[in-house]
Amino acid sequence: MSTETPGTGELNLPQQFLLLATNDKDGEPEVPPSVLKAGLAGAILAELDLLGAVRLDGKYVRAVGEPPPSDFQHQWELIHDKSRPHSPRRWVAMLESRAELHRVYEGMAALGVVSHVGEKHLGVLRTTRYPEKDHAPEAALLARIESVLNGSASDARTTALIGLVHAAGLTDKLFPGAEPGLFRQLTGDHWPSRAVRDELRMIRLAEAEAAT
């Protein structure tokens, strides 16, 4: 697909996803940790796809060209240097990382979009939250998606974000009045979002098996 980079001052796709997946006031995720990590991994794949740095070649993800000018060169290098290719779902599983979650959040904190709030218990830092500091970026994202849901033309970045939000199960919370089938219709077979759904399905199956 054609290369598409974020506009000047625009958050990248992983940042946009985390912003929508985090409660504005208390800074806590709106979804379970497994969903947040899988969604972020899918957003990283989607960002690399938008940059033209990876592509879906049949059943496998392959790195393309040179390392992309982005915050996710490390992930590109992992894909590029693997001795054998992996499926999109497998890459979502491999790229899931608590450390990467905090890195992306901290990037938004450095931009003044969210605040870093650390909570200590008995002098030891136990939890970190990222409540919203500047609502303008999220408001712009929500308005853009609402416009697409109401019939406006979409761009590749907005389509990818809609697909990831849908895969993470955030649509009812963010857009409660929207027709459920509209999200799949708008995003089509967006392969990074499909990979997130597939990984979450595998996680649920494993959890169900462990509970029996």
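Quick note: numbers below take in every heavy atom, side chains included, and nothing from hydrogens, waters or symmetry partners.
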**Q** Does Ser70 reach the main-chain N or O of Phe72 with its side chain, forming a donor-acceptor pair under 3.5 Å?
**A**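 Here the side-chain-to-backbone pair exists.
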**Q** Set out, in order, the CA-CA distance, both residues' side-chain angles and the distance that settles side-chain contact (heavy atoms from CB on, under 4.5 Å) for Leu111 and Leu11, then state yes or no.
**A** CA-CA 9 Å; Leu111 294 172; Leu11 300 178; 3.7 Å; yes
**Q** Have Thr158 and Asp155 got a donor and an acceptor in their side chains that come within less than 3.5 Å?
**A**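 Present: a donor and an acceptor within the cut-off.
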**Q** Let me confirm one number: the CD-CG distance from Gln73 to Asp71, rounded to the nearest 0.5 Å.
**A** 9.0 Å
**Q** Carefully, step by step, assess Glu100 and Gln75 under the rule side-chain hydrogen bond (donor to acceptor under 3.5 Å, both in side chains).
**A** CA-CA 10 Å; Glu100 189 65 19; Gln75 287 85 350; 3.3 Å; yes
**Q** Do NZ/NE/NH1/NH2 and the carboxylate oxygens of Glu30 and Lys173 come within less than 4.0 Å?
**A** yes
**Q** Assess the residue pair Ile162 and Thr171 against the criterion (side-chain contact (heavy atoms from CB on, under 4.5 Å)); give the C-alpha distance rounded to whole Å, side-chain angles, the decisive distance to 0.1 Å, and a yes or no.
**A** CA-CA 9 Å; Ile162 292 173; Thr171 51; over 6 Å; no
**Q** Of Arg157, Gln16, Gln15, which meets side-chain contact (heavy atoms from CB on, under 4.5 Å) against Glu47?
**A** Arg157
**Q** So, taking the atom named CZ in Arg89 and the one named CH2 in Trp191, what distance separates them when rounded to the nearest 0.5 Å?
**A** 14.0 Å
**Q** Quick one: are Pro131 and Val114 in side-chain contact, heavy atoms under 4.5 Å?
**A**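 Not touching, per the 4.5 Å side-chain cut-off.
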**Q** How far apart are the C-alpha atoms of Leu48 and Val64, what are their side-chain angles, what is the distance that settles it, and do they pass the side-chain contact (heavy atoms from CB on, under 4.5 Å) test?
**A** CA-CA 10 Å; Leu48 292 173; Val64 180; over 6 Å; no
**Q** Can you measure from CG (Leu170) to CG (Leu164) and round to the nearest 0.5 angstrom?
**A**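 Here the rounded value is 10.0 Å.
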**Q** Do Ser154 and Thr159 have a side chain donor and acceptor closer than 3.5 Å?
**A**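 Yes, Thr159 and Ser154 have a side-chain donor paired with an acceptor closer than 3.5 Å.
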**Q** Hey, what's the ring geometry for Phe175 with Phe183, parallel, tilted or perpendicular (30° and 60° as the breaks)?
**A**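 Rings of Phe175 and Phe183: tilted, 30 to 60°.
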**Q** Kindly compute the distance separating CD1 (Ile145) from CG (Leu161), expressed to the nearest 0.5 Å.
**A** 4.0 Å
**Q** Parallel, tilted or perpendicular, judged at 30° and 60°: which one describes the rings of Trp76 and His80?
**A**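 Ring orientation, 0 to 90° scale: parallel.
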**Q** Do other residues, nucleotides or ligands put more than 12 heavy atoms under 6.0 Å from Met94 CE?
**A** yes
**Q** Can you find a pair of side-chain heavy atoms, one from Arg62 and one from Val54, that are under 4.5 Å apart?
**A** no
**Q** Measure the shortest side-chain to side-chain distance between Glu199 and Val196 over non-hydrogen atoms and say whether it is less than 4.5 angstrom.
**A** no
**Q** Working to the nearest 0.5 Å, report the span between CG of Leu18 and CG of Leu40.
**A**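 If we round to the nearest 0.5 Å, Leu18:CG and Leu40:CG are 5.0 Å apart.
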**Q** Check the pair Lys37 / Leu101 against side-chain contact (heavy atoms from CB on, under 4.5 Å), numbers first and verdict last.
**A** CA-CA 7 Å; Lys37 289 187 292 184; Leu101 274 177; 3.5 Å; yes
**Q** Below 4.0 angstrom, N of the basic side chain to O of the carboxylate: do Arg194 and Asp189 qualify?
**A** yes
**Q** Please check if any side-chain donor atom of Thr22 sits under 3.5 Å from a side-chain acceptor atom of Tyr105, or the reverse.
**A**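 A donor-acceptor contact under 3.5 Å links the two side chains.
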**Q** Does the distance from a Lys or Arg side-chain N to an Asp or Glu carboxylate O, for Glu207 and Arg204, drop under 4.0 Å?
**A** no
**Q** Would Tyr130 and Glu106 satisfy side-chain hydrogen bond (donor to acceptor under 3.5 Å, both in side chains), going step by step from the backbone distance to the final call?
**A** CA-CA 9 Å; Tyr130 295 93; Glu106 290 296 336; 2.7 Å; yes
**Q** Regarding Glu96 and Arg90, does a basic nitrogen lie under 4.0 Å from an acidic carboxylate oxygen?
**A** no
**Q** Determine whether the aromatic ring centres of residues Tyr60 and His86 are separated by less than 6.0 angstrom.
**A** no
**Q** Could you state the interatomic distance from CD1 (Ile44) to CG (Asp49), rounded to the nearest 0.5 Å?
**A** 13.5 Å
